Amino acid sequence: MKSKLLFYLKQLLILILIGVFSGLIVGLYQIGIQNIVKVSTFMYSSKEAFILAILIFLVVFCTVFNNILIFYDENIDGSGIPSMKLSRRLKKPCSFLKDIPTMILNSYCSTFTGFTLGSEGPSVVLSSKVSSTINSIFKNENEIYDELAEGVGFGSAFLSPLAGFCYAIEESLESKLNFKKILSMIIMILSAFLITSLINHNHLLSVSSFQNIELKDSYIFILLLIINLLVSFAFIKIMLFLRAFCIKHKANLFIKFRSIPLYIITFFLNLFLLDFMQSGGKLINSISDYHTIYIVILILLLRLALTAASGSGDITGGLVIPIMALGAINGQIISLISTNLFGLSSAYYQLISLISALMFFAFIVQTPFTAIALLFSTIFYFTNNFIDSLSVLPIFTIILFFGYVLMTRVFRQKSLYEGMIDVSLKYQTNKKELN
């Protein structure tokens with residue numbers, strides 16, 4: 001009886017420590033990202049030659065530093081999520097002492113340069129690596145904690161414990177859902193939120209105005225479903241093609257050093273198109289201010305190309321917020337079409353962009369419950385109105401799950417991360433057969 005009690009107390013301590021240190025590291029990482037974005041925005045906006053010279057020097061430094069770090073630790077390529085999941089499935093040892101600092105530093109490099117990549121993907125990986133570290137210290141072999149910790153990182157990045165809980169459950173469906181898993185997740189996510197909310201107060205998603213969509217205008221959900229299904233399907237195919245191409249031709253010098261031209265292109269685009277660059281958090285809010293449809297379509301094409309290239313470019317950074325930005329742009333296209341054809345009120349634009357952003361995210365990553373939780377928590381935080389926050393969910397939930405079924409059952413499309421893992425496994429299998 002005593003040994004059993006000690007075992008449970010040990011597990012409780014481990015869960016709390018995972019939550020506390022995940023919340024601490026992700027919170028500090030997010031604060032660093034915010035300050036780097038401010039410095040980067042200031043320097044790109046400056047017209048002074050001296051500032052521009054410093055900016056060029058720093059971007060060159062980031063370009064070189066990125067390649068050094070990627071060669072040193074290939075696990076930090078992109079968000080790091082597919083590599084982490086693949087390593088876990090192949091039972092490879094976790095190089096947490098190397099991955100954590102290199103991922104943070106390289107993410108800062110890509111953020112400063114202005115890539116269309118976010119910080120939420122690395123936050124997920126950092127939290128899981130923290131879990132591996134603590135489990136290793138306590139000699140506690142429990143991979144379930146590492147999987148659940150992904151939700152801790154996600155919830156800490158978005159400052160939404162509910163979204164973090166849903167993400168953890170949806171991303172760990174390979175293991176059976178039970179009371180122990182649910183309780184473990186609650187302990188970790190609350191411990192993390194208690195710490196990270198004291199450090200970081202910046203919400204990655206926000207709305208500055210809210211007006212619920214009337215029943216007569218609910219046709220907008222069908223239009224959002226159509227455009228987001230089509231664009232998400234195309235985006236996944238593009239990303240998987242680029243990943244397969246880069247792996248297949250990794251020995252080619254241009255492919256091997258593909259991040260260098262991407263750094264150069266990104267630098268010049270930030271000089272002239274700063275409002276449409278960076279991770280896309282600001283764009284999700286500001287896209288509703290653009291009322292010319294061809295301009296919004298051009299922004300969509302620009303972000304699609306840059307997000308796909310950056311996400312496949314040997315550069316550290318997450319895809320979640322950039323994916324949501326694409327969805328928000330889709331939403332604004334539908335809003336403008338609906339205004340021109342059916343007289344839709346522009347007062348709905350911000351809410352439609354947010355709904356479309358989360359719908360697109362759910363189709364790409366295939367986490368519908370997480371999208372629902374993010375919609376609720378985002379509206380609730382900025383309105384403090386429980387009824388308003390709930391009122392948006394019924395139609396959104398119905399349409400979202402209908403689209404999820406179409407994506408998974410009709411289109412037979414896996415999530416982006418699962419598709420990336422399959423591509424990597426296929427390459428490794430082919431390589432073994434050749435050898």
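Predicted model only: the values in this text are computed from it and were never measured. Note that these values count all heavy atoms, side chains included, but never hydrogens, waters or copies made by symmetry.
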**Q** State which residue, out of Asn270, Thr116, Thr41, fulfils the side-chain hydrogen bond (donor to acceptor under 3.5 Å, both in side chains) condition with Gln278.
**A**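 Only one option passes, and that is Thr41.
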**Q** Main chain of Leu240, side chain of Arg243: is a donor-acceptor contact present, judged purely on distance under 3.5 Å?
**A**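 Pair absent, no side-chain N/O of Arg243 close to backbone of Leu240.
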**Q** Say whether, by atom type as modelled, one donor and one acceptor occur between the side chain of Thr113 and the main chain of Phe115 under 3.5 angstrom.
**A**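 A pair under 3.5 Å: no.
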**Q** Is there side-chain contact between Leu117 and Thr111, with at least one heavy-atom pair below 4.5 Å?
**A**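 The answer is no, as the side chains (C-beta and beyond) never meet within the 4.5 Å cut-off.
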**Q** Within the 4.5 Å heavy-atom criterion, are Phe165 and Ser160 side-chain neighbours or not?
**A**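 No, too far: nothing below the 4.5 Å cut-off.
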**Q** Does the Ser46 side chain pair with the main chain of Phe42, one donor and one acceptor, at a distance under 3.5 Å?
**A**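 No, Ser46 side chain to Phe42 backbone: no donor-acceptor pair under 3.5 Å.
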**Q** When the ring planes of Phe267 and Tyr44 are compared, do they come out parallel, tilted or perpendicular, using 30° and 60° as the limits?
**A**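 Answer is tilted, since the angle falls between 30° and 60°.
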**Q** Nearest 0.5 angstrom please: Thr307 OG1 to Met239 CE, how far?
**A**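 Thr307 OG1 to Met239 CE: 8.5 Å, rounded to 0.5 Å.
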**Q** I'd like to know if the side chain of Gln34 pairs up with that of Asn200 as donor and acceptor (distance under 3.5 Å, no hydrogens or angles considered).
**A**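 Gln34 vs Asn200: donor-acceptor pair found between side chains.
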**Q** Do Val231 and Phe363 have side-chain heavy atoms sitting under 4.5 Å apart?
**A**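 No, side chains not in contact.
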**Q** Angle between ring planes, Phe361 versus Phe154, binned at 30° and 60°: parallel, tilted or perpendicular?
**A**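 Phe361 vs Phe154 ring planes: parallel.
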**Q** Using side-chain heavy atoms (C-beta onward) and a distance below 4.5 Å, is Arg412 in contact with Thr408?
**A**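 A side-chain contact is absent here, since even the closest heavy-atom pair is not under 4.5 Å.
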**Q** Stepwise, does the side-chain contact (heavy atoms from CB on, under 4.5 Å) test hold for Lys85 with Glu147?
**A** CA-CA 9 Å; Lys85 288 179 177 290; Glu147 291 181 17; over 6 Å; no
**Q** If you compare all heavy atoms of Gln211 against all heavy atoms of Tyr348, which two are closest, and at what distance to 0.1 Å?
**A**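 Reported closest heavy-atom pair: O-CD2, 3.5 Å.
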**Q** For Phe50, does the CZ atom sit with more than 12 other heavy atoms under 6.0 Å from it, leaving out its own atoms?
**A**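 Counting neighbours around CZ of Phe50, 12 or fewer heavy atoms of other residues, nucleotides or ligands fall under 6.0 Å, so no.
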**Q** Can you see whether Ser128 engages Asp146 through a side-chain donor-acceptor pair at a distance of less than 3.5 angstrom?
**A**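 No, no side-chain donor-acceptor contact under 3.5 Å.
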**Q** Can you tell me if Ser40 uses its side chain to pair, donor with acceptor, with the backbone of Phe112 under 3.5 Å?
**A**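 Indeed, once roles are kept as given, a pair shorter than 3.5 Å links the two residues.
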**Q** Among Asn67, Thr316, Asp314, exactly one meets side-chain hydrogen bond (donor to acceptor under 3.5 Å, both in side chains) together with Ser259. Which residue is that?
**A**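 Exactly one candidate clears the test, Asn67.
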**Q** May I ask you to decide if Ile104's main-chain N or O and Ser107's side chain share a donor-acceptor pair within less than 3.5 Å?
**A**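 It does not hold such a pair.
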**Q** Checking side-chain polar atoms at under 3.5 Å, does Ser156 have a donor or acceptor matched by the opposite partner on Thr196?
**A**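 Side-chain D/A pair, Ser156 to Thr196: absent.
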**Q** Just so I know, are the side chains of Leu223 and Tyr219 near enough to count as touching, which here means a heavy-atom distance under 4.5 Å?
**A**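 Result yes, sub-4.5 Å side-chain heavy-atom pair found.
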**Q** Under a 3.5 Å cutoff, is there a donor and acceptor pairing between the side chains of Gln350 and Ser208?
**A**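 Side chains of Gln350 and Ser208: pair found under 3.5 Å.
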**Q** Say whether, by atom type as modelled, one donor and one acceptor occur between the side chain of Asn340 and the main chain of Leu336 under 3.5 angstrom.
**A**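 The answer is yes, because a donor-acceptor pair under 3.5 Å joins these two groups.
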**Q** Is a donor on one side and an acceptor on the other found under 3.5 Å between the side chain of Arg303 and the backbone of Pro322?
**A**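 Not at all, since once roles are kept as given, no pair shorter than 3.5 Å links the two residues.
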**Q** State, yes or no, whether a side-chain contact exists between Lys256 and Lys250 at a heavy-atom distance under 4.5 Å.
**A**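 With C-beta onward as the side chain, the pair stays apart.
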**Q** Ignoring hydrogens and angles, state whether a donor on the side chain of Gln30 or Ser123 is under 3.5 Å from an acceptor on the partner side chain.
**A**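 Yes - a donor-acceptor pair under 3.5 Å links their side chains.
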**Q** How about Phe369 and Tyr167: are their ring centroids closer than 6.0 Å?
**A**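 When the ring centroids of Phe369 and Tyr167 are compared, they turn out to be at least 6.0 Å apart.
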**Q** Give the minimum heavy-atom separation between Phe396 and Leu358, together with the two atoms involved.
**A**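 Distance-wise, the nearest heavy atoms are CZ-CB, 4.2 Å.
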**Q** What's the separation between atom CD1 in Ile260 and atom OG1 in Thr63, rounded to the nearest 0.5 Å?
**A**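 Answer for the CD1-OG1 pair, Ile260 versus Thr63, is 7.5 Å.
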**Q** Sub-3.5 Å donor-acceptor pair from the side chain of Ser197 to the main-chain atoms of Phe193, do we have one?
**A**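 Present.
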**Q** What residue pairs, at least two apart or across chains, pass side chain to side chain donor-acceptor pair (under 3.5 Å) with a residue in residues 225-236?
**A**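 Non-adjacent pairs meeting side chain to side chain donor-acceptor pair (under 3.5 Å): Asn228-Asn330, Asn228-Ser356.
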**Q** Between OG of Ser391 and CZ of Phe386, what distance do you get to the nearest 0.5 Å?
**A**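 Between Ser391 OG and Phe386 CZ, I get 11.0 Å after rounding to 0.5 Å.
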**Q** Look up atom CG in Leu375 and atom OG1 in Thr397, then write down how far apart they are to the nearest 0.5 Å.
**A**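 The CG atom of Leu375 sits 8.0 Å away from the OG1 atom of Thr397.
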**Q** Rounded to the nearest 0.5 Å, how far apart are CG of Leu306 and OG of Ser310?
**A**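 Those atoms lie 6.0 Å apart.
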**Q** Between atom OG of Ser209 and atom CG of Asn285, what is the distance when rounded to the nearest 0.5 Å?
**A**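 It is 9.0 Å, given to the nearest 0.5 Å.
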**Q** Tell me yes or no: between the side chains of Ser132 and Tyr145, is some donor less than 3.5 Å from an acceptor?
**A**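 The criterion, which ignores hydrogens and geometry beyond distance, is not satisfied for Tyr145 and Ser132.
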**Q** Below 30° counts as parallel, above 60° as perpendicular, anything between as tilted: where do the rings of Phe401 and Tyr404 land?
**A**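 Judged by the thresholds at 30° and 60°, the geometry between Phe401 and Tyr404 is perpendicular.
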**Q** Within the distance-only criterion (no hydrogens, no angle test), does the side chain of Ser353 pair as donor or acceptor with the backbone N or O of Ile284 below 3.5 angstrom?
**A**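 Judged by distance alone, no pair lies under 3.5 Å.
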**Q** Any side-chain heavy atom of Met103 within less than 4.5 Å of one from Tyr29?
**A**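 Heavy-atom side-chain distance check fails, nothing below 4.5 Å.
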